[in-house]
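Since we're looking at a predicted model, the values are computed, not measured.
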Amino acid sequence: ITSGTGATLNLKVERGGKEVPVTITTATTLVEPVQQKMLSAKVGYLRVLQFNGKATTAFEQALKGMQGQATKGIVIDLRQNPGGVISDNIDVNGFQSAKTLLANLVGTVNTQLERKPNVREPLSIGGNVPGLKVPYVVLVDRGTSNIAEFVASALHDTHKSKIVGGRTFGDPVLQLLTFFKNGTGAELTNAHLLTSAGTQWTNGIQPDINAGDNALEQAVSVLGG
């Protein structure tokens with residue numbers, strides 16, 4: 001399915017004990033990883049759909065544009081964000097992208113990870129800027145996973161940001177993406193992430209305010225917008 005663009009593939013899908021033939025044509029789908037807008041005169045909105053190098057450039061520009069405008073706060077929407085991976089390739093390094101977002105939002109963040117079972121290491125995240133001095137509300141749901149959960153928990157623990165929505169997926173495993181000389185690659189488990197308070201989120205992160213379809217309205221209400 002990932003063999004290129006314009007290739008015709010004949011597949012068999014098993015459904016109800018029967019094989020169903022399916023023909024598909026491969027194509028490249030381009031998804032913008034960041035969306036931003038002003039929800040009101042003083043409340044900003046930043047949605048990150050995935051963490052990677054492209055997302056980093058986009059959310060840094062978006063936050064600069066909201067600086068001085070979103071004085072009541074910013075809604076950070078991480079719903080349906082599956083996270084990202086560690087990689088030497090900056091274009092796909094989701095973990096670096098997530099750390100950059102935290103540095104831009106709150107400055108320095110001190111958290112923890114485990115590279116060996118029950119051996120916790122400090123992880124300090126800092127940037128060249130002190131972070132925006134405004135409140136944040138974080139939107140999450142069952143599709144919020146991995147590094148996106150890490151960002152949500154860090155904002156909650158270090159910036160007292162409210163989390164609104166549904167319980168997250170529960171994937172604290174940090175994956176290392178390694179590329180080989182022949183162009184192939186593999187993902188290897190590198191570490192387990194912890195919240196800034198040092199707790200696991202294997203069963204997901206429970207929001208402060210449970211909300212469904214009205215999650216965005218609830219978030220704006222928390223900010224007083």
Check against side chain to side chain contact (heavy atoms under 4.5 Å, CB included), H156 and V138:
CA-CA 8 Å; H156 181 267; V138 186; over 6 Å; no

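- Between Q200 and P172 the shortest heavy-atom distance is OE1-CG, 4.1 Å.
- Annotation: side chain of V75 is in contact with side chain of L223 (closest heavy-atom distance under 4.5 Å).
- Within the 4.5 Å cutoff, the side chain of N110 has no heavy atoms near those of the T158 side chain.
- The minimum heavy-atom distance between I147 and G94, with the atom names listed, is CD1-C, 3.9 Å.
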Before giving the answer on side chain to side chain contact (heavy atoms under 4.5 Å, CB included), spell out for Q218 and L139 the whole-Å C-alpha distance, their side-chain angles and the decisive distance to 0.1 Å.
CA-CA 10 Å; Q218 291 266 30; L139 290 179; over 6 Å; no

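- To the nearest 0.5 Å, atom NZ of residue K99 and atom OG of residue S124 are 10.0 Å apart.
- Cluster membership check: L39 does not share its hydrophobic cluster with V34, using side-chain heavy-atom separations under 4.5 Å among Ile, Leu, Val, Met, Phe, Trp and Tyr.
- Between the side chains of T144 and N81, no donor N or O sits under 3.5 Å from an acceptor N or O.
- Between the Y136 side chain and the I76 main chain, no donor and acceptor come within less than 3.5 Å of each other.
- Cluster annotation: L216 and V222 are assigned to the same hydrophobic cluster (Ile/Leu/Val/Met/Phe/Trp/Tyr, side-chain heavy-atom contacts under 4.5 Å, transitive).
- Both V109 and L132 sit in one connected hydrophobic cluster of ILVMFWY residues. Membership requires side-chain heavy atoms under 4.5 Å apart, directly or through other members.
- Annotation: the span from I74 atom CD1 to L46 atom CG amounts to 7.0 Å, rounded to 0.5 Å.
- Side-chain N or O atoms of T108 include none that pairs as donor or acceptor with a backbone N or O of A103 at under 3.5 Å.
- Both F150 and L105 are part of a single hydrophobic cluster, where members link through side-chain heavy atoms under 4.5 Å apart.
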With salt bridge (Lys or Arg N to Asp or Glu O under 4.0 Å) as the test, would you mind laying out the steps for K54 and E32 before giving the verdict?
CA-CA 8 Å; K54 187 176 182 180; E32 292 298 327; 3.4 Å; yes

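- Proximity of Q112 to T195: side-chain heavy atoms (C-beta onward) are nowhere separated by under 4.5 Å.
- Heavy atoms only, all atoms of each residue included: A215 and R79 are closest at CB-NH1, 3.9 Å.
- The two atoms that bring K37 and M66 nearest to each other are O-SD, 4.2 Å, heavy atoms only.
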Using distance only, find each side-chain donor-acceptor pair of residues 162-171 under 3.5 Å and give its atom names and separation, not counting sequence neighbours.
from : atom 1 : to   : atom 2 : distance (Å)
R167 : NE     : Q206 : OE1    : 3.4
R167 : NH1    : N203 : O      : 3.1
R167 : NH2    : Q206 : OE1    : 3.0
T168 : OG1    : E149 : OE2    : 2.7
T168 : OG1    : I205 : N      : 2.6
D171 : OD1    : V173 : N      : 3.3
D171 : OD2    : N146 : ND2    : 3.3

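- Annotation: N182, atom CG; neighbour count of heavy atoms from other residues, nucleotides and ligands within 6.0 Å is above 12.
- If you take NZ on K42 and CD on Q69, they are separated by 12.0 Å, rounding to the nearest 0.5 Å.
- A donor-acceptor pair under 3.5 Å is absent between the side-chain atoms of N214 and the main chain of E217, judged by distance alone.
- Once rounded to the nearest 0.5 Å, the distance linking CZ of R47 with CG of D77 reads 4.5 Å.
- Between the R15 side chain and the V20 main chain, no donor and acceptor come within less than 3.5 Å of each other.
- Between the CG atom of L174 and the CG atom of L113 there is a distance of 7.5 Å, given to the nearest 0.5 Å.
- Side-chain N or O atoms of H159 include one that pairs as donor or acceptor with a backbone N or O of V134 at under 3.5 Å.
- Closest of all the heavy-atom pairs between A197 and D157 is N-OD2, 3.2 Å.
- Counted by atom type alone, N190 and Q175 present zero donor-acceptor pairs between their side chains at under 3.5 Å.
- Remark: the S97 side chain and the T56 side chain contain an N/O donor-acceptor pair separated by less than 3.5 Å.
- Taking the side chain as every heavy atom from C-beta outward, R115 and E121 approach each other to under 4.5 Å.
- Note that the CG atom of L101 and the CD1 atom of I125 stand 10.0 Å from one another [nearest 0.5 Å].
- Put simply, the side chain of F51 reaches to within 4.5 Å of the side chain of V151, judged on heavy atoms.
- At a threshold of 4.5 Å between non-hydrogen side-chain atoms, the residues V220 and S40 do not count as touching.
- Of all non-hydrogen atoms in L9 and T26, the two that sit nearest each other are CD1-CG2, 3.8 Å.
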Using the rule given for side chain to side chain contact (heavy atoms under 4.5 Å, CB included), can you reason through E114 versus L194, listing the C-alpha separation, both sets of side-chain angles and the distance that settles it, and then say yes or no?
CA-CA 8 Å; E114 289 184 357; L194 304 170; 4.2 Å; yes

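- Taking hydrophobic clusters as Ile, Leu, Val, Met, Phe, Trp and Tyr residues chained together by side-chain heavy-atom distances below 4.5 Å, F59 shares a cluster with L155.
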